[in-house]
Engineer: 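One structure follows; several queries about it will come next.
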Amino acid sequence: MNITKLEIGLLKSNCYLISSEKAAICIDPGYYDERIRLFFEENSDKQRMILLTHTHFDHVGAAERLRSETGVKIAIGRIEEPSLHDPAVTLSDRFHAHIAPFGADKTIDDGEKFSVGDLKISAILTPGHTIGGMCYLINGNLFSGDTLFAGTIGNTTHPGGDGDRLLRSVEQLAY
């Protein structure tokens, strides 16, 4: 498995490109970056997916455009999915990102195990940064979105944020 971390957009949001022999996954394409589209095109012979950890604009901003350009399906946690339709929750209007509401092709439940190509993925519901944030465990690597920041936990000041819930979510990740 190969993992490439991109820091994209004005906020330098983390976006991950994960590839293997039979899979190509992008996690949290918050801003359009030509490298992501090229990644999907170069891996068109593999099973591909866009995984979203939560619905804030800096994690979902390019998902719809990438789906339109490449045909790659979008997946997100079931609880979080309705927020894709609400600019107040995506924060897109507040931060002048103006992302049109869109929907996911697949919704994922807490504890769900699924595969993309030859990659096995476990979904872990981690509310607190948002109401239905999701972490993904892929081959021993945890992709946490904004559940975790460098050296601390995620921000809880936006709609759906709850500091106590986030602390419980982080505690469950430790086990």
Side-chain angles (χ1 to χ4, degrees), residues 1-9 11-31 33 35-56 58-63 66-67 70 72-81 104-156 161-175:
M1 179 173 89
N2 297 310
I3 303 170
T4 301
K5 177 183 162 186
L6 304 176
E7 293 179 0
I8 56 177
L11 299 179
K12 300 292 182 203
S13 298
N14 293 330
C15 171
Y16 296 92
L17 305 178
I18 304 163
S19 62
S20 64
E21 186 177 324
K22 298 180 181 179
I25 298 170
C26 176
I27 299 177
D28 288 348
Y31 299 88
D33 187 301
R35 294 173 290 181
I36 303 169
R37 185 188 57 76
L38 291 172
F39 168 77
F40 280 133
E41 287 180 0
E42 291 166 359
N43 290 284
S44 63
D45 59 332
K46 301 175 183 179
Q47 188 174 1
R48 306 172 300 166
M49 184 173 282
I50 296 168
L51 285 177
L52 303 176
T53 59
H54 65 288
T55 58
H56 288 161
D58 58 322
H59 290 259
V60 305
L66 288 164
R67 175 170 55 187
T70 66
V72 175
K73 304 293 186 203
I74 299 170
I76 193 167
R78 182 175 310 281
I79 294 170
E80 193 79 355
E81 199 276 339
D105 301 293
K106 173 181 174 56
T107 56
I108 303 163
D109 292 312
D110 180 33
E112 186 173 334
K113 296 180 186 325
F114 61 100
S115 297
V116 176
D118 54 349
L119 294 177
K120 306 284 188 241
I121 303 167
S122 296
I124 306 162
L125 179 66
T126 54
H129 178 65
T130 61
I131 61 166
M134 192 72 75
C135 291
Y136 301 105
L137 186 62
I138 305 174
N139 287 19
N141 296 280
L142 182 70
F143 299 90
S144 63
D146 285 349
T147 295
L148 299 170
F149 285 172
T152 189
I153 62 172
N155 182 336
T156 60
D162 181 323
D164 291 335
R165 287 188 79 189
L166 185 57
L167 285 173
R168 287 194 303 274
S169 292
V170 170
E171 286 172 354
Q172 85 172 352
L173 291 174
Y175 296 102

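Count residues from 1 along the sequence. Keep in mind that what you see is a predicted model, and the values were worked out from it rather than measured. Below, each value reflects all heavy atoms present in this structure, side chains not excepted, and no hydrogens, waters or symmetry copies.
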Engineer: Distance-only, no hydrogens or angles: does the R48 side chain make a donor-acceptor pair with backbone N or O of F40 under 3.5 Å?
Structural biologist: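 Checking the backbone N and O of F40 against the side chain of R48, a donor-acceptor pair under 3.5 Å is found.
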
Engineer: Between the side chain of Q172 and the main-chain N/O of I124, is any donor-acceptor distance below 3.5 Å?
Structural biologist: no

Engineer: How close do L142 and L137 get, counting heavy atoms only, and between which atoms?
Structural biologist: N-CD1, 4.0 Å

Engineer: Let me confirm one number: the CG-CG distance from D118 to N139, rounded to the nearest 0.5 Å.
Structural biologist: 8.0 Å

Engineer: Mark yes or no for whether D162, through its side chain, and D164, through its backbone, hold a donor-acceptor pair below 3.5 Å.
Structural biologist: yes

Engineer: Can any side-chain N or O of S144 pair as donor or acceptor with the backbone N or O of T147 at less than 3.5 Å?
Structural biologist: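 Not confirmed, S144 side chain does not pair with T147 backbone.
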
Engineer: Around atom NZ of K106, are there more than 12 heavy atoms of other residues, nucleotides or ligands at under 6.0 Å?
Structural biologist: yes

Engineer: Identify whether NZ of Lys or CZ of Arg in K12 sits under 6.0 Å from the centre of the six-membered ring of Y31 and within 45° of that ring's axis.
Structural biologist: no

Engineer: Would you give the length of the straight line joining atom CD1 of I25 to atom OG of S19, rounded to the nearest 0.5 angstrom?
Structural biologist: 9.5 Å

Engineer: Answer yes or no: is there a donor N or O on one side and an acceptor on the other, between the side chain of H129 and the main chain of G154, under 3.5 Å?
Structural biologist: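 Flag not set: sc H129 to bb G154 has no pair under 3.5 Å.
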
Engineer: Ignoring hydrogens and angles, tell me if any N or O in the side chain of T107 forms a donor-acceptor pair with the backbone of G77 under 3.5 Å.
Structural biologist: no

Engineer: Are R78 and D110 close enough for a salt bridge, meaning some N to O gap below 4.0 Å?
Structural biologist: no

Engineer: Looking at D28 and T53, would you say the former's side chain and the latter's main chain have a donor-acceptor pair under 3.5 Å?
Structural biologist: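 Yes: the side chain of D28 pairs with the backbone of T53.
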
Engineer: For C15, is there any backbone N or O sitting under 3.5 Å from a side-chain donor or acceptor partner on K5?
Structural biologist: no

Engineer: Under 3.5 Å, is there a donor-acceptor pair between the side chain of E41 and the main chain of L38?
Structural biologist: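 Looks like no, no N/O pair under 3.5 Å.
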
Engineer: Using 30° and 60° as the class limits, which term best fits the ring planes of H54 and H59: parallel, tilted or perpendicular?
Structural biologist: tilted

Engineer: Can you tell me if E80 uses its side chain to pair, donor with acceptor, with the backbone of M134 under 3.5 Å?
Structural biologist: no

